[in-house]
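Here, residue 1 is the first one in the sequence, and each next residue gets the next number. Treat the numbers as computed from the prediction; the structure is a model and nothing was measured.
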Amino acid sequence: EGNDINFVNIECALTESDGAIEKFGPCLKGTPIAAEVMKEVGINLAGLSNNHIFDYGIKGYKDTVAALDKAGIPYTGFGENYEDSRKNFYFEKNGEKIAFVCVCEHEYSYALEDRMGSRPFDEFDTMLDIRAAKKVADPMYYGIMMVKAGAAVDAMIDQLIPLLEPGDILIDGGNSHFPDTIRRTAYVESKGLLFVGCGAKAKNYDLAIGVAVTDKAAKLSADVTVA
């Protein structure tokens, strides 16, 4: 409440369909009514770049988009083909503009030149897209990563650091273990940047949450909510 923009990554299909695809791992879905609930609690931008958007096939995706359209929630991170999926989303208010560049790791859900899908992470194109966004939008203060825990997070940090400016904040919204977050905080701060780690690890239905946030980063990111 009171925020200009509230972003959520919808890592499932919003559908009543029972047509789950065959895949390794669980197929995730939620009721389309969830879009109305999200709108009611203030969500006004959704990300669809993830590895579950096609868990119920093209119908599941279309049901998701229909639910978001009905609720009046714009979305980003998906396209009719690869080039279409690379469109950045810009939010502007009071003369200030921020950009959202939503990408996901390469799995079956990512877009191709001749196939719809989620916006994939590409070591070259994604960096170009971020640079392009920074030319159009105001300085980037926050970089939010939703990356598989482990070496992939460190690799992503190293790729993003050259694109950031002193005082910018990197936010790890994945499931990193908190000792890794403490280590990364020290590393990122040594580059003149700030790091906020929000890591969740689940095992045997027990949930342990580790957070490592410096005092300076906490003050600067006090108004940022990672859902």
Inset, instruction - Kindly indicate whether the side chain of Asp18, heavy atoms from C-beta on, has any atom under 4.5 Å from the side chain of Lys29. - result: yes
Inset, instruction - Give the C-alpha distance, both sets of side-chain angles, the deciding distance and a yes or no for side chain to side chain contact (heavy atoms under 4.5 Å, CB included) between Leu163 and Arg131. - result: CA-CA 7 Å; Leu163 302 176; Arg131 292 183 187 278; 3.2 Å; yes
Legend entry - Student check: side-chain heavy atoms of Leu160 and Leu170 closer than 4.5 Å: yes
Inset, instruction - For the residue pair Thr126 and Gln159, establish whether any side-chain heavy-atom pair is separated by less than 4.5 Å. - result: no
Inset, instruction - Kindly indicate whether the side chain of Tyr56, heavy atoms from C-beta on, has any atom under 4.5 Å from the side chain of Asp63. - result: no
Inset, instruction - Decide yes or no for His52 and Ser109: does some side-chain heavy atom of the first lie under 4.5 Å from some side-chain heavy atom of the second? - result: no
Inset, instruction - Heavy atoms only: give me the nearest Pro120-Ser85 pair and the separation to one decimal. - result: CD-OG, 4.0 Å
Inset, instruction - Apply the test salt bridge (charged side-chain N to carboxylate O under 4.0 Å, His left out) to residues Arg86 and Glu83: give CA-CA distance (whole Å), side-chain angles for both, the deciding distance (0.1 Å), then the verdict. - result: CA-CA 5 Å; Arg86 290 178 62 191; Glu83 288 303 320; 3.5 Å; yes
Legend entry - For Tyr61, ring-ring contact (aromatic ring centres under 6.0 Å, His included) partners two or more places apart: Phe78
Inset, instruction - Keeping the roles fixed (side chain from Ser49, backbone from Cys104), state whether a donor-acceptor pair exists under 3.5 Å. - result: yes
Inset, instruction - Not counting sequence neighbours, which residues clear ring-ring contact (aromatic ring centres under 6.0 Å, His included) with Tyr75? List them please. - result: none
Inset, instruction - Apply salt bridge (charged side-chain N to carboxylate O under 4.0 Å, His left out) to Lys23 and list each qualifying residue two or more places apart in sequence or on a separate chain. - result: Asp55
Inset, instruction - List in chain and number order the residues that pass side-chain contact (heavy atoms from CB on, under 4.5 Å) with Lys135, two or more places apart in sequence or in another chain; answer none if no residue qualifies. - result: none
Inset, instruction - Side-chain contact test, heavy atoms from C-beta onward, threshold under 4.5 Å: evaluate it for Asn51 versus Glu11 and give yes or no. - result: yes
Inset, instruction - Taking all non-hydrogen atoms of both residues into account, name the closest pair between Asn81 and Glu113 and its distance. - result: CB-O, 3.4 Å
Legend entry - Minimum side-chain heavy-atom gap Glu36-Lys70 below 4.5 Å: yes
Inset, instruction - Say whether, by atom type as modelled, one donor and one acceptor occur between the side chain of Asn6 and the main chain of Gly42 under 3.5 angstrom. - result: yes
Inset, instruction - Classify the side-chain pair Asp125/Tyr82 by whether it contains a donor and acceptor separated by less than 3.5 Å. - result: yes
Legend entry - Smallest separation among heavy atoms of Ala35 and Ala67, with atom names: CB-O, 3.5 Å
Legend entry - Closest non-hydrogen atom pair between Ala132 and Tyr90, with its separation: O-OH, 4.3 Å
Inset, instruction - Find out whether Arg184 and Ser176 are in side-chain contact, i.e. whether some heavy atom of one side chain is under 4.5 Å from a heavy atom of the other. - result: yes
Legend entry - Value rounded to 0.5 Å, distance of CG in Asn50 from CD1 in Ile10: 8.5 Å
Legend entry - Interatomic spacing from CG in Asp4 to CZ in Phe91 - rounded to 0.5 Å: 5.0 Å
Inset, instruction - Give, for atom CD1 of Ile98 and atom NZ of Lys93, the distance between the pair rounded to the nearest 0.5 Å. - result: 11.0 Å
Legend entry - Pairwise distance CG(Leu28) to CG(Leu14) - rounded to 0.5 angstrom: 11.5 Å
Legend entry - Which atom of Gly197 lies closest to which atom of Thr181, heavy atoms considered: CA-CG2, 3.4 Å
Legend entry - Check against side chain to side chain contact (heavy atoms under 4.5 Å, CB included), Leu48 and Leu68: CA-CA 11 Å; Leu48 301 182; Leu68 292 173; 4.1 Å; yes
Legend entry - From CG (Asp154) to CZ (Arg183), nearest 0.5 Å: 4.5 Å
Inset, instruction - Report whether Val8 and Val41 are members of the same hydrophobic cluster (ILVMFWY, side-chain heavy atoms less than 4.5 Å apart, transitive linking). - result: yes
Legend entry - Whichever hydrophobic residues join Leu128 through chains of side-chain contacts under 4.5 Å: Phe124
Inset, instruction - Could you tell me whether a side-chain N or O of Thr31 sits under 3.5 Å from a main-chain N or O of Glu16, the two making a donor and an acceptor? - result: no
Legend entry - Hydrophobic cluster of Tyr110, others only, ordered by chain and residue number, side-chain cut-off 4.5 Å: Leu112
Inset, instruction - Check Gly47 against Asn9 and note the closest heavy-atom contact, atom names and distance. - result: O-OD1, 3.4 Å
Legend entry - Stepwise side chain to side chain contact (heavy atoms under 4.5 Å, CB included) check, Lys62 with Thr15: CA-CA 9 Å; Lys62 290 184 175 180; Thr15 181; over 6 Å; no
Inset, instruction - Check whether any side-chain N or O of Lys191 sits under 3.5 Å from a backbone N or O of Leu164 as a donor-acceptor pair, and report yes or no. - result: no
Legend entry - Nearest-0.5 Å distance that lies between atom CG in Asp180 and atom OH in Tyr187: 14.5 Å
Inset, instruction - Evaluate whether atom CD1 of Ile58 has more than 12 neighbouring non-hydrogen atoms of other residues, nucleotides or ligands under 6.0 angstrom away. - result: no
